[in-house]
There are 2 protein chains.
Amino acid sequence: MATPELKKLFGQRHCDECVLHPLCKPPLVGIEEIERLSGSVLARRPLERDSVLFRAGEPTRSVFISQNGSFKTVAINEAGDEQVIGFYFPGELIGLEGLGDGKFRADAVALELAHVCEVPLPALERVAGQRADFQRQMMRAMGEGMARHQDHLEMLGRKQAQERLAMFLHGLSERQGRLGRDPLQLHLAMSRSDIGSYLSLVIETVSRGLSKMQDEGIIAVKGRHLRVLSPQRLQALAHGDEA
Amino acid sequence: MATPELKKLFGQRHCDECVLHPLCKPPLVGIEEIERLSGSVLARRPLERDSVLFRAGEPTRSVFISQNGSFKTVAINEAGDEQVIGFYFPGELIGLEGLGDGKFRADAVALELAHVCEVPLPALERVAGQRADFQRQMMRAMGEGMARHQDHLEMLGRKQAQERLAMFLHGLSERQGRLGRDPLQLHLAMSRSDIGSYLSLVIETVSRGLSKMQDEGIIAVKGRHLRVLSPQRLQALAHGDEA
DNA sequence: CGATGGCTTGATACTGGTCAATATGGGTGG
DNA sequence: CCACCCATATTGACCAGTATCAAGCCATCG
């Protein structure tokens, strides 16, 4: 849907994939509105694996959308230990937490080669002020962000490691599906230790959990490639229906 | 600061305390803007303890601000078990999660007698569309909501029950202070089991943890009244600095 | 005054964290 | 192109912390 003009204005390549996100979904913002901020909306160079998109504490001047490539956000507490707070896939807004007090609350790190689109806040606010529908989309995007956090909280609320893992995989699968890809074929862009940090489990427990699911014939794992063999049983596990 | 006119327009009583929140803080929105939506912004009757402000699944037509009295939000998963997702104190926006897909994601329940101010979404959007500063405040409020979720995530990330509890109390203390009250004098509006659910601990562990802190002279607890005796040690505990 | 719900305290079992050894595999340099 | 190497992941043995089960306490309310 990304029209040639839209592509040109937003920067360049890959916006076709970005269509997924409400922000980019036409006819959200007409060309003429985009025009008005074309000076400030700019595309970004590719970010390679492990490179940092923004750091906790930095003033929030923009939010970001990955066009392709996934990210993690990592919070570092005063004790110095890291915790993975979220994973972001193409089309999802990154950095919304920073809108609270104007500073990012976590580091954002590319999990693989990625291309992000940077949206400066002034531009965001300007368009939002002029287009009620766009403003609603922004709210919606933030609401979705909060909803994802809530899902994460519910994951951590489950006491059984196996259930958390199952919820995690199930969630990945869903998101994968929404991206139009095969929901049963997961490429884990993140390391085991990222997963562990995200689920508040040590890496050994993650590993054991995956092995167990594999033994039970629910999934097939090989390194960072994972195939869901029985979505039903995976979901059941996620809901704590069985051991 | 709530001028008499403002009071009248918004409904009535207690808006003085609401001043705490950016949304209500003048001169955020001028009287004339308020005027335009005075028809739709309305105050609410008191809600007594345990009464439900909204339920998960209901369409989000409004968000709410408690003028006095605290709330909890409770998510119920498909397995049927409840989990406390958040606590809300006067001046904090409740229901923002609903902006994502237009449905509330959790039940909101009054922990004590409360008075809430209901802000219909159309009104919110209308003013936001007209006043850039108000719109920014909304974003800020949502950002704060996400930040609170992140704090919660960091709490659940700590593996030691004692640390989680300490973080929780420390957080309460801070919020209490921000409300202008004595940060060392906490009235726990929520039950032990609410705390347990929030921290993903069973009620016995919460109880034991509080008792232990009391034995160590960090706090003094009596039922739902709690006094922080040593804020430093509490904070140290929260950061995992010692056992 | 008894009953009820919320909280505390105790004893035991089990899950997951810790420590340690081994395996795997992607990348680099010869 | 192969071999080595280091980072990442898996597996095992053990132990600590918290859930579980159970009993008793305390306060409030009818």
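Heavy atoms only: backbone and side chains are in, while hydrogens, waters and symmetry mates are out.
Listed nucleotides: dA9(D), dG16(C), dG17(C). Nearest to the side chain of A161(A): dG16(C). The side chain of E204(A) has dT11(D) as its nearest neighbour among dT11(D), dA19(D), dA22(D). Nearest nucleotide to the T205(A) side chain, out of dA20(C), dT8(C), dG16(C): dG16(C). Nearest nucleotide to the R192(A) side chain, out of dT10(D), dT20(D), dC7(C): dT10(D).
Using the six-membered ring where Trp is involved, F64(A) and F54(A) have ring planes that are parallel, under 30° apart on the 30 and 60° scheme.
Regarding I195(B), its CD1 atom lies at a distance of 11 Å from the C1' atom of dC7(C), rounded to whole Å. Look at CZ on R224(A): it is 18 Å from P on dT24(C), rounded to the nearest Å. Rounded to whole Å, atom C1' of dT8(C) lies 11 Å from atom CG of L210(B). Atom CZ in R49(B) sits roughly 10 Å away from atom C1' in dG6(C) (whole-Å rounding). Computed from coordinates, the K159(A) NZ to dG17(D) P distance equals 18 Å when rounded to whole Å. The distance between atom CD1 of I203(A) and atom C1' of dT10(D), rounded to the nearest whole Å, is 9 Å. The distance between atom CG of L111(A) and atom P of dT8(D), rounded to the nearest whole Å, is 13 Å. If you measure from atom NZ of K222(B) to atom C1' of dA27(D), you get 9 Å, rounded to the nearest angstrom.
Checked against side-chain hydrogen bond (donor to acceptor under 3.5 Å, both in side chains), E112(A) has the following partners two or more places apart in sequence or in another chain: S70(A).
Salt-bridge annotation for E174(B) and R178(B): present, with a side-chain N of the basic residue lying under 4.0 Å from a carboxylate O of the acidic one. Classification of E92(B) and R175(B) as a salt-bridged pair holds, one side-chain N sitting under 4.0 Å from a carboxylate O.
At least one side-chain nitrogen or oxygen of S211(B) sits closer than 4.0 Å to the OP1 or OP2 atom of dT9(C).
Within the 4.0 angstrom heavy-atom criterion, only backbone atoms of the sugar-phosphate kind lie near Q160(A); the bases stay farther away. Contact annotation for S207(B): base contact, defined as any heavy-atom pair under 4.0 Å involving a base atom.
Interface remark: the R208(A) side chain does form a donor-acceptor pair with the dT18(C) base, using a distance-only criterion of under 3.5 Å.
Comparing G223(B) and R164(A) along DNA chain C, the residue whose closest nucleotide (by nearest heavy atom) sits nearer the 5' end is G223(B).
Ring centroids of F168(B) and Y198(B) are separated by less than 6.0 Å, placing the two rings close together.
For the side chain to side chain contact (heavy atoms under 4.5 Å, CB included) test with Y88(A), the passing option among T73(A), L111(A), V116(A) is T73(A); the others fail.
Between the two ends of the helix from dC1(C)-dG30(D) to dG30(C)-dC1(D), each summarised by a five-pair axis, the helix axis turns through 40° (rounded to 10 degrees).
Taking 4.5 Å as the limit, every side-chain heavy atom of M167(A) sits out of range of all side-chain heavy atoms of R164(A).
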